[in-house]
Amino acid sequence: MAQRAHTLTLIPGDGIGPEVTTAVVKVLDAAGVSIDWDRQDAGVMAFRKTGQTLPVELLDSVKRNKTALKGPCATPIGEGFSSVNVGLRKALDLFASLRPVSNLPGVPSRFQHVDLVIVRENTEDLYAGLEHVIIPGVVESLKIITEAASTRIAEFAFAHARREGRAKVTAVHKANIMKLSDGLFLDSVRAVSRNYLDVPYDEKIVDAACMHLVMRPEQFDVLVLPNLYGDIVSDLCAGLVGGLGVVPGANLGAEVAVFEAVHGSAPDIADQNVANPTALLLSGIMMLRHLGEHDAATRVKTALDAVLSAGAVRTRDLGGTASTTEFTHALCRALA
Ligand code: NAI
C-alpha cells in the first residue's frame, strides 16, 4: 500500500539547530517515512532575512501543517529580543510541554532505571515576560498563575498518566512561600486529582523534589510543574540520564504539536559537527508516534538503541569521538 506523505514544518533554528535537524531529516528519510518538509526560519536567521524573529509565515505554516519539528532558537541574555520559543508557545497555545526522561542503552549515566515524564505548563508563570523598573535599582517581575491554565495542565498530566499506565503523578510547587500563586496551582492540581482516583498522587516542594531527584530518581513517575520549575527541573533530569544531548520533548496544544529537544542552541559547539542529534531524533520518534507512524517510530528507536549499545560510534558528549555526520551515517546504516 502506498504510504501517505506528511507535510510538516521544519524549523532548523540557531546554533547547533541546523546540524541536528539535518541529521534527523536524514534518519527519518532512511527509515522510509514520506515527509515533505516546509522549511521555516525562526530566531536570528529569520531576523536577518525578514526583520522578525517569529515571522508570520512560520506561524501560518505550523497552523496549516499542525505538526512541526524544531531546532533550538537562541535568546539573548538580559537584553535584545524576547524569546522566540516562549513567543511560539504563546502564539500557538502550546500549553503543555511533555519531556520523557529515561535511560538509553549504552549511554553512561549516574543512574539506571530512570523513567519519568515532565509535564511543564508552557504559557504563564514568570515567563509571561511582565517585568518593569519601578525606580532605578528596583525591578518587579510578575508571576502569573491562573486556575484555568493550572487545571488544563493538571488534566493533561493525569490523562497522560492514566493512558500510559504510569504509577503516579507528583505536583511540584513552592506553595509554602508563594501561597497565592503556587497555592492556586496546587489547589487546581488537587481538584483534578479527585477525578483520577485510580492514579496515585503526591506533592513535593520544588527544592526537596530536586534533592530527591538526584538521590533516588526512580521514585518519580509523572511530574507536573509550573513553567519555571519545569524548565529548571527538565535540565536537572537530563543530567540524570546522560545530559542534554539525549532528552526529547514535545510542545502540545489542542490543535498543533511542535517537537523539539530540551537543549538549547549550544553556541559553544555550534558549526563544529560535534552536536549529538539523539535528543532531536527522540523528539522525531515522538512525532512519528503522534502521526500514527508507529512502525517507523519503532524501527528508528531500534536503530538508535543498536548504535548506542554497540558503542563504537558515539558523539563527544557521550564519551565518543564521532562527529554528528558520522553518528547520523551509522544510524542510517542501521536502518538500511
Ligand atoms: P544549551 O542547552 O544550549 O547548552 C548547555 C550545554 O549542553 C552546553 O555545554 C552545550 O554544548 C551542551 N549541549 C546542549 N545540547 C547538546 C547536544 N545536542 N549535543 C551535545 N552537547 C549539547 O543551553 P544554554 O547554553 O544555556 O543556552 C544556549 C542558547 O539556547 C540560549 O540562547 C538559550 O536561550 C537557548 N535555548 C533554547 C531552547 C529552545 O530553543 N527550546 C531551550 C534552551 C535554551
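Atoms within a ligand are numbered from 1 in the order they appear, just like the ligands themselves. Count residues from 1 along the sequence.
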So between [options], whose heavy atom ends up nearest [atom]?
{"atom": "atom 11 (O) of ligand 1", "options": "Asp14, Val258, Asp268", "result": "Asp268"}
{"atom": "atom 22 (C) of ligand 1", "options": "Asp317, Thr315, Ile269", "result": "Ile269"}
{"atom": "atom 15 (N) of ligand 1", "options": "Gln272, Arg89, His263, Arg316", "result": "His263"}

Heavy-atom contact check, 4.0 Å cutoff: does [X] meet ligand 1?
{"X": "Val20", "result": "no"}
{"X": "Ala279", "result": "no"}
{"X": "Val262", "result": "yes"}

Indicate yes or no: does an N/O atom of [X] lie under 3.5 Å from an N/O atom of ligand 1?
{"X": "Cys73", "result": "yes"}
{"X": "Ala266", "result": "yes"}
{"X": "Gly264", "result": "yes"}

| task | List every atom of ligand 1 that sits less than 4.0 Å from any heavy atom of Pro267, numbering the atoms from 1 in the order shown and giving each element. | result | 28 (C)

| Flag for Asp231-Tyr127: side-chain donor and acceptor within less than 3.5 Å | yes

| Residue Lys301 excluded, over 12 heavy atoms near NZ under 6.0 Å | yes

| message | More than 12 heavy atoms of other residues, nucleotides or ligands under 6.0 Å from CZ of Arg289: yes or no? | response | yes

| query | So which heavy atom in the protein is nearest atom 6 (C) of ligand 1, and how far is it from that ligand atom? | reply | Leu244 CD1, 4.2 Å

| In the protein, what heavy atom is nearest to atom 18 (N) of ligand 1, and what distance, to one decimal place, separates them? | Asn276 O, 2.9 Å

| message | Would you say the ring centers of His173 and Tyr229 fall short of 6.0 Å from each other? | response | no

| said: Under 4.0 Å from atom 26 (O) of ligand 1, is there at least one protein heavy atom? | reply: no

| task | Kindly assign one of parallel, tilted or perpendicular to the pair Phe158 and Tyr201, based on the angle between their ring planes and the thresholds 30° and 60°. | result | tilted

